[in-house]
Every structure is written in C-alpha cells, then in structure tokens.
Amino acid sequence: MNTEKPRIVIIMEGGVITALLSNMPIDVAVIDYDTEGAETEDLKFVPQGPVLPPSAAVAHVEDAEVIGTERLEELFSAASG
C-alpha cells in the first residue's frame with residue numbers, strides 16, 4: 001500500500017502557469033482561456049456549465065508532468081521553507 005501523499009508543484013512565470021509537477025500520477029488539468037499564441041491542435045472546447053447551455057469556450061489545456069521524487073521534494077521544500 002502506497003502511503004505517500006501526492007505532492008504537486010505549480011510553476012508560474014509572469015503570472016502564467018508554465019509547469020505542473022507531481023511525484024506520482026494525478027488527475028489535474030489547467031484550463032487557460034487566454035489562447036493567444038497557443039497551437040490550434042492544443043485548443044479544446046470547455047463547457048461553461050448551466051449558465052447558457054450549451055455554451056462552450058475555447059481554452060488551452062495542460063496536463064501534469066510526473067517527475068522524480070527527489071527533484072519534486074527539492075522544489076516543494078524551497079517553496080515551503
């Protein structure tokens with residue numbers, strides 16, 4: 001049984017999330033409605049809920065990258081310390 005907690009590091013540069021790092025596989029998505037400069041194949045339609053069905057918006061979606069525990073701990077410690 002794996003008792004290790006998921007740890008996530010979110011890296012931002014200039015107010016923009018540039019990376020999501022995790023010590024294990026996780027389900028996470030970053031939805032960015034600022035699509036300027038995004039590649040067309042990376043754009044997705046994102047439902048906007050019950051406000052104006054069936055409305056949807058275009059967004060750029062990123063998944064998390066799984067990295068080694070040692071590097072993640074180094075980043076997490078620096079952010080927490």
Side-chain angles (χ1 to χ4, degrees):
M1 176 179 186
N2 185 357
T3 59
E4 186 176 17
K5 295 188 306 186
R7 297 192 104 179
I8 301 166
V9 172
I10 300 169
I11 299 174
M12 294 183 67
E13 294 178 21
V16 176
I17 295 173
T18 59
L20 291 169
L21 309 172
S22 174
N23 62 329
M24 63 183 60
I26 57 171
D27 289 331
V28 66
V30 174
I31 298 174
D32 183 356
Y33 291 108
D34 181 3
T35 60
E36 185 177 330
E39 297 293 328
T40 304
E41 62 268 8
D42 293 335
L43 299 179
K44 310 279 188 223
F45 284 101
V46 178
Q48 297 301 295
V51 178
L52 296 171
S55 68
V58 176
H60 180 256
V61 179
E62 289 285 335
D63 294 320
E65 175 185 348
V66 177
I67 64 168
T69 302
E70 186 175 310
R71 175 65 176 144
L72 188 87
E73 283 300 320
E74 180 181 45
L75 293 169
F76 199 89
S77 294
S80 300

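Interatomic distance, I8 CD1 to M24 CE, rounded to the nearest 0.5 Å: 10.0 Å.
Heavy-atom contacts from other residues, nucleotides or ligands closer than 6.0 Å to CD of E36 number 12 or fewer.
Shown here are the side chain to side chain contact (heavy atoms under 4.5 Å, CB included) partners of E74, two or more places apart in sequence or in another chain: R71.
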